[in-house]
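One structure below.
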Amino acid sequence: LDDWEAVLGGGVTSGLRLCSADALVGQGGRHAWSTGIETPSSGLGTLLCTQRWINLAPEGGAPEWRLAQHRTIPYTLDVDAPGALRCDRRGCVALQRLGVATGPAGMPGDGRA
């Protein structure tokens with residue numbers, strides 16, 4: 001597990017572009033989910049990202065969204081992801097697929113898509 005300082009150090013997200021973003025706020029406004037496609041500043045490759053958010057505001061107060069979970073996978077049409085980056089409030093861990101992928105494309109650790 002790498003802490004957020006290590007994960008975001010060295011300007012790794014500098015110039016990162018986000019497109020095809022979407023968000024959904026759950027009933028009651030306490031939880032939300034967002035997705036998007038990230039393109040690194042190098043322009044090489046794309047990453048599919050998903051986030052889960054929690055609203056910490058007291059009932060009736062202005063929203064105070066906090067990131068609860070962030071996941072990123074290399075994204076190529078019809079290709080199973082060779083790895084994933086899964087993050088929470090503590091930091092991130094990289095997961096790598098071992099062996100040959102079987103079954104439909106999906107995110108490592110999530111089972112069949």
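Counting from 1, the numbers follow the sequence of the chain as shown. Hydrogens, waters and symmetry mates are skipped; everything else that's a heavy atom, side chains included, is used.
Think of Trp33 as one node in a network of Ile, Leu, Val, Met, Phe, Trp and Tyr side chains linked at under 4.5 Å; its network also takes in Leu24. Cluster note: Trp53 groups with Trp4, Val7, Leu8, Val25, Trp65, Leu67 through ILVMFWY side-chain heavy atoms spaced under 4.5 Å, whether in direct contact or through intervening members.
Residue-environment remark: CD (Glu64) exceeds the threshold of 12 foreign heavy atoms within 6.0 Å.
Here the shortest heavy-atom pairing between Cys49 and Leu18 reads SG-CD1, 4.2 Å. Heavy atoms only, all atoms of each residue included: Gly36 and Leu48 are closest at O-CD1, 3.5 Å. Annotation for Pro74 and Gly83: closest pair CD-O, 3.5 Å, computed over non-hydrogen atoms. The shortest heavy-atom contact between Arg30 and Ala57 is NH2-O, 2.7 Å. Thr35 and Thr50 make their closest contact through CG2-CG2, 3.9 Å (heavy atoms, listed as atom of the first residue, atom of the second, distance). What you find for Leu85 and Cys92 is that their closest heavy atoms are CD1-CB, 3.7 Å.
Put simply, the residue from Leu47, Thr46, Thr13 that forms a side-chain contact (heavy atoms from CB on, under 4.5 Å) with Glu38 is Leu47.
For the pair Asn55 (side chain) and Gly29 (backbone), a donor-acceptor distance under 3.5 Å is present.
Under the side-chain contact (heavy atoms from CB on, under 4.5 Å) criterion, Ala68 pairs with Arg52, Ile54, sequence neighbours left out.
A distance of 4.5 Å separates OG in Ser20 from CD1 in Ile37, rounded to the nearest 0.5 Å.
Arg86 is listed as a side-chain neighbour of Gln69, based on a closest heavy-atom distance under 4.5 Å.
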